[in-house]
Every structure is written in structure tokens, then in C-alpha cells.
2 protein chains.
Amino acid sequence: MGRMPTVDDVAQAAQVSRQTVSNVINSPEIVRETTRQRVQEAIDRLGYRPHASARRLRTRKSSTIGVRLDPLRDGISGAVLDRFVHKLAEQADARDLRVMIFTADGNADELAHIRRLRDGSDVDAFVLIGTDHGDSRIAWLVENRVPFVSFGRPWGAETPDPHHRWVDVDGRAGVRDAVRHLRANGADRVAWIGWPSPSGTGDERRAGWEESCGLEGADRVALAVATEDGVTEGRRAAAALLELPEPPDAIMCASDSLALGATMATQAAGLARLPIVGFDNTPVAAAVGLSSIEQPLDEVVAAALTLLFGEHGDDVQPNPDSDEEPGHRLLVPRLVERRSSHLALDGNPGA
Amino acid sequence: MGRMPTVDDVAQAAQVSRQTVSNVINSPEIVRETTRQRVQEAIDRLGYRPHASARRLRTRKSSTIGVRLDPLRDGISGAVLDRFVHKLAEQADARDLRVMIFTADGNADELAHIRRLRDGSDVDAFVLIGTDHGDSRIAWLVENRVPFVSFGRPWGAETPDPHHRWVDVDGRAGVRDAVRHLRANGADRVAWIGWPSPSGTGDERRAGWEESCGLEGADRVALAVATEDGVTEGRRAAAALLELPEPPDAIMCASDSLALGATMATQAAGLARLPIVGFDNTPVAAAVGLSSIEQPLDEVVAAALTLLFGEHGDDVQPNPDSDEEPGHRLLVPRLVERRSSHLALDGNPGA
DNA sequence: CCGAATAATTCGAACGTTCAAAATGAACGA
DNA sequence: TCGTTCATTTTGAACGTTCGAATTATTCGG
């Protein structure tokens, strides 16, 4: 294989200048149609492709997004982040953007990586997946004018930072709808299995349950369990709930892991028909017939890219100066109904 | 933020030439120690970082690996690929390599992406995750001299292609060991739940069971079930096995998904103490106490990178011409023992 | 058919780096 | 002191692209 053809080769073959070839590629509308065709033909014939690095050097933009890819904590809930990254790659491709991944050991290390990738002009903009309470990365990124968007709200910030663009899913609304759905199907005492506070996402989801479960005071407190995420934890938590003097007649969980555990517990207790709803609609939920709340990842990714690059282009917009236009999007999840939340209605014992 | 400093800026600040600055970065050993320090000090002071694109343009290598990131089919077994990508990013970083991801709709589309990334000099080499029977991509990549390595053997090729570098895990040996472990713990009739043939990986794993289960003829046939991957499928398959006139006293599964389903089936049948072993040691297996065979992904990734870039550097080696040195590595998995495979021994009913 | 306006194309330079070769400096033996 | 050798540093060019300005071709009204 010889060397790749360059603009000059194409130019020569098509009897035009370098620049015309460049124009055919980047702004075809300014070149005469007959010329355009001749050049295009030469491009095809020679199999010319622009050299990405040369272009980036000249234009001073890399058209590349950086994402930190974390190890999956749980395999189940982690799958969401994974789907997110997948969709990101998909939609980035449609905009002629590339996606570069990196790993990091802690937030400080992540920032070091980001700095390196950005200073080397490897990456134009970053996507932060998941935000903590008072996330230290956000301030740093804003401070250093690194273009970025986060999937996750700025939890715990009193006044929202206008320089910070973010997308998130309204878990509270999602849980609220799911609980209403359970109650509409006959449940009176919907319990909650969630995560320990403080957890931005977790607290928000719990709030959705609180405002829709129709319970008050000690009763509500008794029906809410906080535990770390995980199948085992979910099973334990559900088992404890079922032991209560006044046990729940449905369970709303903050994750599919917890819900899967809860399902096991109810089956073990011979209560296979107790309705359960999970969160994230992971493939496992689909496999075991678990109703679950699905995050609209397509929209999340689309919104993130729009915030970063505008409606269509691949020119990264700097972090906004003021909040004239909203630098964030809050999207609504939807409940995917499956067998697990209709058990009180239909006649099947848990298959 | 003004513009980033360049080699020239550093050169001027340190009173040396461009090239000396370059040397300090790329081959410090050839520059005098006192000079090196002076230049280094200037680099640090100005916060200089080499411009990656400029460097790549000049050196004609991108130091970037491309990987196709697929959507997870199952969420459980898919997690392995995910961990693989994570480790790849990790170890690539240690070699100063970057990882670029892309998605594709089918193999043809994948090749189109690969071509684009490579022709644009975006990516030096590719990692193929998973190989099919008679994989069409391999021939194409070899033909087009695209440096690559696959995680997965060239299934179904009569004569191994010496240009094709690959790494794989000896699933057969892994299953064999696990079955022996089950038998050592008292099982006489170890059943198999696997995937339909032909499936390179699946057939290989099954072969491991066949040669170690100690069963023959019709008996062995009766204890082997083939089904698509999935929790539900695993449950059904296990339920069927338990209905047999001579049911198994242990179950070996080709995946954790199947094993999880099998676990549910045994619990439902009141046989919670039937030993079960899965494959891939996914986080879910850990969560539910399922023994499982773990693929040594660290070694897999290390071997893949070594095949591509040699022992240490980041210079991609072209696809080998002959098979003087082995262009592949077959690694041995190990069994992670948990409760699920010791049930016949200890006294706990499935907690 | 001319001049002006506009469309289309070309030219020279620059993006920031490293390669290859040339130049300088230091050290040493004769 | 001088030529040689080796270590160190510098110079000019090149990688392939696009920007900005300049040039040439075309169109059109009068």
C-alpha cells in the first residue's frame, strides 16, 4: 500500500487547485457544479480521505468528545451508563464527532486526564457522567473554561452556576407516576426501597414516592427502607418489609438491582404476586418481567450534544456566560409496564 | 485564556532551539542535563503541552486504538465486553495510547467505520471484540493491511491465517475445571445449559463439559440443553432438566444469565441446594453468591496490546507476515468459588 | 462592447510538531 | 597548536490541511 493521496494529488488529477478540492469537501456550495463533479470524481477514484490530524491542526478543533468510562459497580445499574456511552457514540457519529474514552482513579485523576486531553487538543469537550453532591469537578471545569456538559444535576448548589450546562432525568416525576400506577392498580400501601441519604438522585426519587404514596407520618417512615444498591441488599430490605405487622402491598424500588432482590424476597416468602417496580429498565428487568422506569437516554444524549455543539454543527460552544437561554434540560422518564406491576390484577401466579 | 504555548515559546523562554525542546520531551537522554532542567523548568512554568494533532501529522501515527462498542444484548454477559473496554482504556493509558470508540450496525458498517477512521489517520489499530464463525471482517482487515487484534479466535478457519493476531480465553478448560470441581464436591450427574450450535465459544465450552462430566451416550445427551442466552431461558431450561426422570444433581451453565435463571428455577422447585456454576463472573454473580468462571481480562488486554504494539512501545506492529512468532495467545480462566457450588457440602439452605 | 459587479478559483502562508542534516562546542591525543 | 572524534545544539524543511487575500472568469446593465 502506497501512501494515501492528499489534496494535492486530487487537485492535480482534477486539474484544479488545492483549495478548490478543499472547498468541494467543506463548502461545496461555493464551487461551480461542473467543477464539483470533476473533483468529486477524482476524490472517489483516488480514494482520497482528508487527514484528520492535519485538518485539526489547521482548524484548531478536534471534533472529539471525551468521556470517562467507569468500571461498573453493579453490572445492572451500571448498564445505564453503558447504554449512555453507546448512544453517545452513535449520535456523535451522526454529527461527525468522535468519542474518546479514558479511565480515572478518582475525581482528581479525572481532572488530570481532562487537562491532558484538552491541552493536547485531543478533545474539544467533555461529558461528565454522574454528578455528586457538591461535585468538585464542575467548579474546576468552569474555572478552566473547559467546555463540558454533565449528565446529572449540580446537586447541592444553592445558586445554579450559569456556566454549567447539564441534562438530567426527572426521577421524582418518574417515581411519582409509577407509584400512582401501582395505586391505580389497587395497591394501598406502596413501600419504598432506596438508597441512603444524602444522594442527589436517590433523594429525588424518594421524594417522588413520598409525595404520591398517600401515606403520612410514622406509617410512611415505616414503609421506607434505605440500603446500598445491590441485589442482595434489595432482598434483605424487602424481606424486612414483609415482616412488618402491616406489610406493604406493593414495592417501589430505586433501582432494578434492588427490585430484582425484592422479587426474590417476595418469591421466597410465597408472595409472588406482590407488585414491584424498578428503575432504569435494564435488560435484566426485561428478562424477568419487571416493570421499570426507563430513562430516555436518546433524548438525554441529544440534549447533551445540542447544549455542547448547538442544534446541528460540530463547533463546540463555550460554556455560557449568562443564563439567557437555559443551559440545561430536565427530561421525563416513562414507566415500562410489565408483569411485575400487574400481578394484583391478572390471574397468573408468578410463572 | 490566551493561546497555548508552543515549542517555540518554550524555546525562547529557555534560550534554546525548538528542536532541543522537542528532544527534552521525546529523548531526554540525548540532551545535556543542565539544559534539560532549564527547558523542563520553562515547560512547567509555561504549562506547555505538545499539540497532539501537530505531532501526529508529523510522525504519521495517531497512537490511538479503535474499538467498536456494541449495545449490550443482555446486560449481564455484555458486562464482560464492557469490562474489557474499560481495561483497554486503562492499559492503553499506561502506554500513552488513546482509545476511540464507535458503533456500527452490522459488520459491513463496522468495516466502513474502520476504513474511515483509518484513512483519516484517526486510528492506528483496531481491536475486534468477539468473532463469529467464518468472520468476514478478518479477511477484509488482513486484505487491507489494517493492523488489528481480535478478542476471539478465528472460528471455523481450517488453516489459521498467519496475518491474524488474536487473544482468547480457553473456555473449554475453564468449564472442564469447574465440572471437576462440582464432581469433587459430590455431584454425579452434572447437567449442561448452553447455547445452540454452531457457536464457536459455546461449542467450545460445551466440549469442556462433555469431556469431564463422566457421562456417556443417551444419558449425556439428556442432560445437555441448548437455549438462547438469557435469564428467562435459563430458568426454563433448568426447570425442564429438573423434570427429568433422572434429574441432574448439579448444573453447569455457559453464562451467568443462564445460571441466574437456573438458580431461580431450582429455588422455585424447592431445590435451593442444587449446585450451579455460571460463566463470566459478572457482578450479578457476585451479588447472588453464584460460583462462576472468570475470564482474565487483565491478561487478555495486556496480551492484545503486546501483540499490537510490542512489549512496551506505542509503535504499532504491522500484521505479521509469517507465523514465526505466535500471533496469538490462549489464556486460562479460573473458577471463582462461591456458595452456589458448595451447597451440597455446607449445611445452609440457600439463605 | 465596456465597466462594474459578482462568481469562481488560485496563491501564499500558517497551524505546531519532528526529521535529517548541518553546525557548533568540548575533549583529547599527537 | 592542530586535527579528530564525539557530544550537543541548531537550522531548514516537511507533514496535509484550511484561512485570508488576491486573482481570474463570468454575468449583466447600459
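Convention: sequence-line order gives letters A, B, ...; per-chain numbering from 1.
A donor-acceptor contact under 3.5 Å is formed by the side chain of Arg18(A) with the base of dG12(C). Put simply, the side chain of Arg58(B) and the base of dT18(C) share a donor and an acceptor less than 3.5 Å apart.
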Could you run down the sub-3.5 Å N/O contacts of the protein with nucleotides 5-9 of chain C?
residue: dT9(C); atom: OP1; partner: Thr35(A); partner atom: OG1; Å: 2.3
residue: dT9(C); atom: OP2; partner: Arg32(A); partner atom: N; Å: 3.0

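One finds a salt bridge joining Asp9(A) and Arg3(A) here, because a Lys/Arg side-chain nitrogen approaches an Asp/Glu carboxylate oxygen to under 4.0 Å. For the pair Arg36(B) and Glu33(B), the salt-bridge criterion is met [side-chain N within less than 4.0 Å of a carboxylate O]. A salt bridge between Asp124(A) and Arg60(A) is absent, with no side-chain N of the basic residue lying under 4.0 Å from a carboxylate O of the acidic one. By the 4.0 Å N-to-carboxylate-O rule, Asp122(A) lies too far from Arg98(A) to be salt-bridged with it. A salt bridge links Asp70(A) to Arg68(A): one of the charged nitrogens lies within less than 4.0 Å of a carboxylate oxygen. A salt bridge is absent between Arg95(A) and Asp314(A): the closest approach of a Lys/Arg side-chain nitrogen to an acidic carboxylate oxygen does not fall below 4.0 angstrom.
For Ser22(A), the side-chain atoms get nearest to dT18(D) when compared with the rest of dC19(D), dA20(C), dT18(D). Side-chain atoms of Leu57(A) lie closest to dC15(C) of the nucleotides dT10(C), dT17(D), dC15(C). Minimum atom distance to the side chain of Arg60(A) is reached by dG16(C), of the listed dG16(C), dT18(C), dC11(C). With dG20(D), dT18(C), dT17(C) as the candidates, the nucleotide lying closest to the side chain of Thr59(B) is dT18(C).
Between Asn26(B) atom CG and dC19(C) atom P there is a gap of 7 Å when expressed in whole angstrom units. His51(A) places its NE2 atom 14 Å from the C1' atom of dC15(C), with the value rounded to the nearest Å. Following rounding to the nearest Å, Arg55(B) (CZ) and dG16(D) (C1') show an atom-to-atom distance of 18 Å. Taking atom CD on Gln12(B) and atom C1' on dT11(D), their separation rounds to 16 Å, with Å as the unit. Regarding Asp9(A), its CG atom lies at a distance of 13 Å from the C1' atom of dC15(D), rounded to whole Å. Separating the CG atom of Asp122(A) from the P atom of dT17(C) is a distance of 13 Å, rounded to the nearest angstrom. The CZ-C1' distance, from Arg56(A) to dT17(C), rounds to 15 Å in whole Å. Distance Asp8(A) CG to dT18(D) P: 12 Å, rounded to the nearest Å.
Using five terminal pairs a side, the axes of the helix from dC1(C)-dG30(D) to dA30(C)-dT1(D) at its two ends make an angle of 50°, given in steps of 10 degrees.
Ring geometry, Phe126(A) versus Phe102(A): the interplanar angle exceeds 60°, so the pair is classed perpendicular (tilted spans 30 to 60°).
To the nearest 0.5 Å, atom OG of residue Ser121(B) and atom NE2 of residue His51(A) are 3.5 Å apart.
Side-chain polar atoms of Asp8(B) and Gln12(B) form no donor-acceptor pair below 3.5 angstrom.
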